[in-house]
Protein chains: 2
Amino acid sequence: MESKYVSKIFEALSSDVRLDVFRLLVRNAPAGLVAGDIAKFLDVPATNLSFHLKALVQSGLVTVEREGRFMRYKASIPLMLDIIAYLTAECCSGNPECCRKFRAESHVDPTFLPER
Amino acid sequence: MESKYVSKIFEALSSDVRLDVFRLLVRNAPAGLVAGDIAKFLDVPATNLSFHLKALVQSGLVTVEREGRFMRYKASIPLMLDIIAYLTAECCSGNPECCRKFRAESHVDPTFLPER
DNA sequence: GACATAATTCAATTTTTGTTGAATTATTAA
DNA sequence: TTAATAATTCAACAAAAATTGAATTATGTC
């Protein structure tokens, strides 16, 4: 995998609107949600949501298919796992013991971390 | 509010330069590297690298400390694991079996994923 | 102290993103 | 076939990010 390609995927998650959309779709995997429901859940104007959904689809993190007059969006869980594998590849030069030790320290829920 | 904080972290990984820097530091965890070595490895102009390192440090994904006249940068593995947990939280919420199936088919070392 | 080295900050410019309302396309229902 | 609904595209503007070279700060060496 090319870092230019992967950075585009992280760019898709670099807006709080898109991150919220993606997490909503991850929670609602594998069924996904139609655009109107996403807009309702997250209270984002339709026109702005379209802009962000387009970016997510272009990144590959989200897929879309027509369903009558609705558009159904789904998170691509395999791609999500791929970028996690990319990010963590050869962590600590492949020393799994070192990584596991970090893992034990990481049980901070980012939801509760202070703002910067 | 929380997603604004996490999206800033993904923003830090949304440039291919910064993504390359971060992965280099992940591979070289836990020791890290000094700025000049990063510049040499990745062939990035010092002034531009400083700009990107600053963004990484501000996101919290990278830490820095002075070492004589060198600056040593290190990846924050615990924060990396936290944002992975944030991204994958409640995946396939109603259907954990579905989520386990996705994981089994992926290339992710389970060390880096929260239990499900 | 004077000089070299490591790295950063600053200022200027260019490029890219995000947001909004109005107009448009696609589909279904009356 | 007309109207209603779902969603997108378009155009305009506002805001933020990337890049560069010159100047600056901090540290170590002669």
Item to check | Transitive ILVMFWY side-chain link A:Phe70 to A:Phe41, under 4.5 Å | outcome: no
Item to check | Comparing A:Ser14 and A:Glu67 on DNA chain C - which has the more 5′ nearest nucleotide | outcome: A:Ser14
Item to check | Heavy-atom side-chain proximity of B:Ile77 to B:Pro30 below 4.5 angstrom | outcome: no
Item to check | Interatomic distance where CZ belongs to A:Phe70 and P belongs to D:dT5 [whole Å] | outcome: 11 Å
Item to check | d(CG, B:Leu49; P, D:dG21) in whole Å | outcome: 15 Å
Checklist entry - Distance-only, no hydrogens or angles: does the A:Ser93 side chain make a donor-acceptor pair with backbone N or O of B:Arg27 under 3.5 Å? => result yes
Next on the checklist: I want to check something: taking the side chain as every heavy atom from C-beta on, are A:Ile84 and B:Leu113 in contact at a cut-off of under 4.5 Å?
Outcome noted: yes
Checklist entry - Using a heavy-atom distance cut-off of less than 4.0 Å, which residues of residues 34-48 of chain A contact DNA chain D? => result A:Val34, A:Ala35, A:Gly36, A:Ala46, A:Thr47
Item to check | Distance under 6.0 Å and angle within 45° of ring axis: B:Arg23 vs A:Tyr86 | outcome: yes
Checklist outcome for this item: Here the residues of residues 50-66 of chain A within 4.0 Å heavy-atom distance, strictly under, of DNA chain C are A:Phe51, A:His52, A:Arg66
Next on the checklist: What I want to find out is whether A:Glu65 reaches A:Arg72 closely enough, with some N-O distance under 4.0 Å, to be called a salt bridge.
Outcome noted: no
Next on the checklist: Within the 4.5 Å heavy-atom criterion, are A:Cys91 and B:Phe112 side-chain neighbours or not?
Outcome noted: yes
Checklist entry - Does the side chain of A:Asp20 come under 3.5 Å of the side chain of B:Ser3 through a donor N or O and an acceptor N or O? => result yes
Item to check | Under 3.5 Å donor-acceptor, A:Asp37 side chain and A:Leu33 backbone | outcome: no
Checklist entry - Is A:Arg72 touching bases, backbone alone, or none of the nucleic acid, heavy atoms closer than 4.0 Å? => result nothing
Next on the checklist: What is the distance, to the nearest angstrom, from the CG atom on B:Leu19 to the C1' atom on D:dA18?
Outcome noted: 16 Å
Next on the checklist: Categorize A:Glu11 for me: base, sugar-phosphate, or nothing, with a 4.0 angstrom heavy-atom threshold over every strand shown.
Outcome noted: sugar-phosphate
Next on the checklist: For A:Lys4, is there any backbone N or O sitting under 3.5 Å from a side-chain donor or acceptor partner on A:Ser7?
Outcome noted: yes
Next on the checklist: Run the side-chain contact (heavy atoms from CB on, under 4.5 Å) test on B:Arg103 and B:Val108 for me, step by step, so that the C-alpha distance in whole Å, both residues' side-chain angles and the decisive distance to 0.1 Å come before the verdict.
Outcome noted: CA-CA 7 Å; B:Arg103 288 179 182 207; B:Val108 186; over 6 Å; no
Item to check | Contact boundaries on DNA chain C for chain B, cut-off under 4.0 Å to non-hydrogen atoms | outcome: C:dT5 to C:dT9
